[in-house]
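Everything on this sheet refers to the single structure shown next.
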Amino acid sequence: MSSTTSLLRTRTDVVIVGAGPAGLTVANLLRAAGVDCVVLEAESREFIEQRPRAGFMEEWVVRALERHGLAGRLLERAATQGEFEFRFDGERHTVRTAELSGRRHFVYPQPLLVTDLLASYADAAGGDVRFGVQDVRLHDIDGERPAVSYTDPATGDRHHLACDVIAGCDGARGVTRAAIPADSAVLTRHDHGVAWLALLAEAPPSADGVVFGIHERGFGAHMARSPEVTRYYLQVAPGEDAGNWSHSRVWSELRTRLAAAGAPPLTEGPLIEKVVLDMHDYVVEPMVHGRVYLAGDAAHLVAPIAAKGMNLAINDALLLGEALIAHYRGDDSGLAGYAQACLRRVWQYLEFSQWLSEVLHGASSGDRFRAGTARARLRRLLGSESAAKAFAGIYLGEEADL
């Protein structure tokens with residue numbers, strides 16, 4: 001530390017690293033219960049409120065946020081979806097998930113949820129959130145005096161926050177998971193062997209909801225986001241350069257992969273986002289080390305194949321927030337069972353994502369066995385009410401522990 005900076009020591013009960021849906025959900029629960037906490041975020045508030053992210057929320061997650069007073073604007077503004085289409089062999093096949101399960105998806109992009117959670121925690125409740133922090137480090141995570149330190153970018157001062165617990169909600173590349181010794185955690189990874197070109201088009205949706213196109217040239221998808229913006233996906237080779245996909249090439253391929261008799265033509269528009277996403281999953285076990293409790297992408301990643309990531313992050317956050325509140329009231333059973341409770345749902349959703357990945361990508365795999373079994377799965381799903389109900393149940397999420 002230079003002679004012009006100082007070390008400022010303070011204390012709180014819980015330090016939450018990361019101001020995404022998981023971190024802010026934990027913060028809101030703790031603040032409402034009178035548990036002192038501080039949220040540290042490496043990016044600016046403007047950045048995290050605008051960062052493009054997924055938008056499918058399972059109904060049980062929305063209702064859980066509603067019970068905590070965190071879903072007011074979401075319930076006012078979010079669209080809901082209760083069916084989707086498979087398109088293959090030039091035909092359209094509708095799966096009415098709401099009729100089958102009694103639940104719906106809420107369509108509410110993550111930046112809007114982050115904005116709402118920040119407004120609740122920081123603006124309405126006066127919660128402490130510090131943006132743009134630099135050089136975040138964890139200390140004594142195995143001991144009796146855990147702490148988190150960081151540099152204030154405005155002053156250059158070093159802050160040292162002593163605490164009881166550190167909530168690691170800072171994503172796949174965050175500092176909290178990196179602070180756990182390599183020999184204390186196992187990272188299990190699965191690679192789906194494909195990538196998706198994620199596209200945002202300034203164009204009205206061309207269908208009411210989600211369309212999954214299964215084609216020998218590769219998977220394609222349409223997902224309505226708003227009256228003006230539509231999300232599309234195209235399966236591409238891993239490591240593909242998004243710059244290779246011109247406007248004309250994208251729309252030509254989308255028309256081919258989403259073609260079906262009776263389907264309305266795609267409404268084209270400027271592509272405002274083109275990002276290649278490699279489809280892979282991972283799980284960190286255990287999700288707890290000493291005084292560090294991981295949540296969300298810091299602990300597990302589910303490829304966007306089944307739109308489960310934000311739902312899992314909020315599930316972790318609800319469990320962790322409630323366990324911490326119970327801890328400060330003298331009950332440690334929630335903290336002791338936190339990782340096990342989270343991982344039940346994580347592994348169930350990973351299995352479903354893998355199953356759906358084979359359905360969506362089997363036709364383009366170049367492997368006759370995979371293509372054949374993928375088609376068999378589709379036939380069973382579309383031809384059996386019991387199979388369709390089981391699919392809809394996990395596709396839309398089940399509130400009970402899985």
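Note that these values count all heavy atoms, side chains included, but never hydrogens, waters or copies made by symmetry. The model shown is predicted, which means the values in this text are computed figures rather than measured ones.
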Between Ser101 and Thr97, is there a donor-acceptor pair closer than 3.5 Å when you use the side chain of the first and the backbone of the second? yes
Apply salt bridge (Lys or Arg N to Asp or Glu O under 4.0 Å) to residues Asp135 and Arg158 and explain how you reach the verdict. CA-CA 9 Å; Asp135 192 20; Arg158 192 75 185 160; 3.4 Å; yes
Tightest non-hydrogen contact, residues Ala19 and Ile48, listed as O-CD1, 3.5 Å
So, for His289 and Ile141, which heavy atoms are closest and what is the spacing to 0.1 Å? CD2-CD1, 3.7 Å
Close side-chain approach of Leu234 to Trp245, heavy-atom, < 4.5 Å: yes
Would you call the rings of Phe352 and Phe391 parallel, tilted or perpendicular if under 30° counts as parallel and over 60° as perpendicular? tilted
Test item: side-chain donor near acceptor, His300 and Asp281, under 3.5 Å: no
Heavy atoms from other residues, nucleotides or ligands near CD of Glu273 exceed 12 (cutoff 6.0 Å): yes
Test applied, salt bridge (Lys or Arg N to Asp or Glu O under 4.0 Å); reference residue, Glu358; option that passes from Arg375, Arg377, Arg370: Arg370
A side-chain contact here means heavy atoms from C-beta on lying under 4.5 Å apart; do Asp116 and Tyr108 qualify? yes
To the nearest 0.5 Å, tell me how far Ser149 OG sits from Leu7 CG. 8.0 Å
Are there more than 12 heavy atoms of other residues, nucleotides or ligands under 6.0 Å from atom CG of Asp208? no
Taking the side chain as every heavy atom from C-beta outward, state whether Cys342 and Met287 have any atom pair closer than 4.5 Å. yes
Could you go through Asp191 and His280, starting from their C-alpha distance and side-chain angles, then the distance that decides it, and tell me whether this counts as side chain to side chain donor-acceptor pair (under 3.5 Å)? CA-CA 4 Å; Asp191 193 329; His280 67 272; over 6 Å; no
Just by modelled atom types, is the Asn315 backbone N or O under 3.5 Å from a matching donor or acceptor in the Arg345 side chain? no
Between His247 and Trp251, is a side chain to side chain contact (heavy atoms under 4.5 Å, CB included) present by the stated rule, with each step listed? CA-CA 6 Å; His247 177 97; Trp251 288 107; 3.2 Å; yes
One should read off an interatomic distance between Glu49 CD and Leu113 CG, to the nearest 0.5 angstrom, of 11.0 Å
From CG (Asp157) to OH (Tyr150), nearest 0.5 Å: 9.5 Å
Short question: side chain of Thr115, backbone of Pro111 - any donor-acceptor pair under 3.5 Å? yes
Between Tyr282 and Val302, is there a donor-acceptor pair closer than 3.5 Å when you use the side chain of the first and the backbone of the second? no
Of all heavy-atom pairs between Ala195 and Pro238, which one has the smallest distance, and what is that distance? CB-CA, 3.8 Å
Report yes or no: is the cationic atom of Arg231 (NZ for Lys, CZ for Arg) under 6.0 Å from the centre of the six-membered ring of Phe56, at an angle within 45° of the ring normal? no
Residues Arg217, Glu253: salt bridge by 4.0 Å N-O rule: yes
Do Arg380's NZ or CZ and the ring of Trp355 fall within the cation-pi criteria of under 6.0 Å and 45°? no
Output, in order, the C-alpha distance, side-chain angles, deciding distance and verdict of side chain to side chain contact (heavy atoms under 4.5 Å, CB included) for Tyr233 and Arg257. CA-CA 10 Å; Tyr233 291 107; Arg257 299 187 194 186; over 6 Å; no
Salt bridge check: are Asp164 and Arg11 linked by an N-O gap of less than 4.0 Å? yes
Minimum heavy-atom distance between Pro264 and Ser206, given as atom pair plus value: CG-O, 3.3 Å
Apply side chain to side chain contact (heavy atoms under 4.5 Å, CB included) to the pair Val114 and Arg51, showing each step before the final yes or no. CA-CA 10 Å; Val114 167; Arg51 175 171 47 193; 6.0 Å; no
Just so I know, are the side chains of Val359 and Leu381 near enough to count as touching, which here means a heavy-atom distance under 4.5 Å? no
I'd like to know if Glu76 and Arg73 make a salt bridge, using a cut-off of under 4.0 Å between side-chain N and carboxylate O. no
Between Asp316 and Ala22 (side chain of the first, backbone of the second, donor and acceptor by atom type, cut-off under 3.5 Å), is there such a pair? no
Test your reading of the model: is there a side-chain donor-acceptor pair from Glu59 to the backbone of Arg103, 3.5 Å cut-off? no
Ring centre gap for Phe84 and Phe212 strictly below 6.0 Å: yes
Evaluate the side-chain proximity of Ser120 to Arg31: yes if any heavy-atom separation is below 4.5 Å, no if none is. no
Does Arg189 come within less than 4.0 Å of Asp278, counting only side-chain N to carboxylate O? no
Asp367 side, atom CG; Thr373 side, atom OG1 - distance, nearest 0.5 Å: 8.0 Å
Do Leu258 and Val211 have side-chain heavy atoms sitting under 4.5 Å apart? yes
So, do Asn28 and His68 sit near enough that their side-chain heavy atoms are less than 4.5 Å apart? no
Does the side chain to side chain contact (heavy atoms under 4.5 Å, CB included) test come out yes or no for Tyr232 and Leu271, once each step is laid out? CA-CA 10 Å; Tyr232 288 97; Leu271 298 171; 5.8 Å; no
What pair of heavy atoms forms the shortest contact from Ala147 to Ala162, and how long is it? CB-CA, 3.9 Å
Has Glu216 got more than 12 heavy atoms of other residues, nucleotides or ligands less than 6.0 Å from its CD? no
Can you confirm whether Val61 sits close enough to Met310 that some side-chain heavy atom of one is under 4.5 Å from a side-chain heavy atom of the other? no
Once you measure the plane-to-plane angle for Tyr395 and His105, does it fall in the parallel (<30°), tilted (30-60°) or perpendicular (>60°) bin? perpendicular
Whether Asp13 side chain and Asp36 backbone form a donor-acceptor pair below 3.5 Å: yes
Atom pair CG (Leu324) and CD1 (Ile16), whose distance is rounded to the nearest 0.5 Å: 8.0 Å
Can you tell me if Asp152 uses its side chain to pair, donor with acceptor, with the backbone of Ala154 under 3.5 Å? yes
Write down the atom of Ile305, the atom of Leu356, and the distance for their closest heavy-atom approach. O-CD2, 3.6 Å
Output the distance between atom CD1 (Ile325) and atom CG (Asp331), rounded to the nearest 0.5 Å. 12.0 Å
So, the side chain of Thr25 versus the backbone of Leu318: is there a donor-acceptor pair under 3.5 Å, distance only? no
Keeping Arg87 on the side-chain end and Arg92 on the backbone end, is there a donor-acceptor pair under 3.5 Å? no
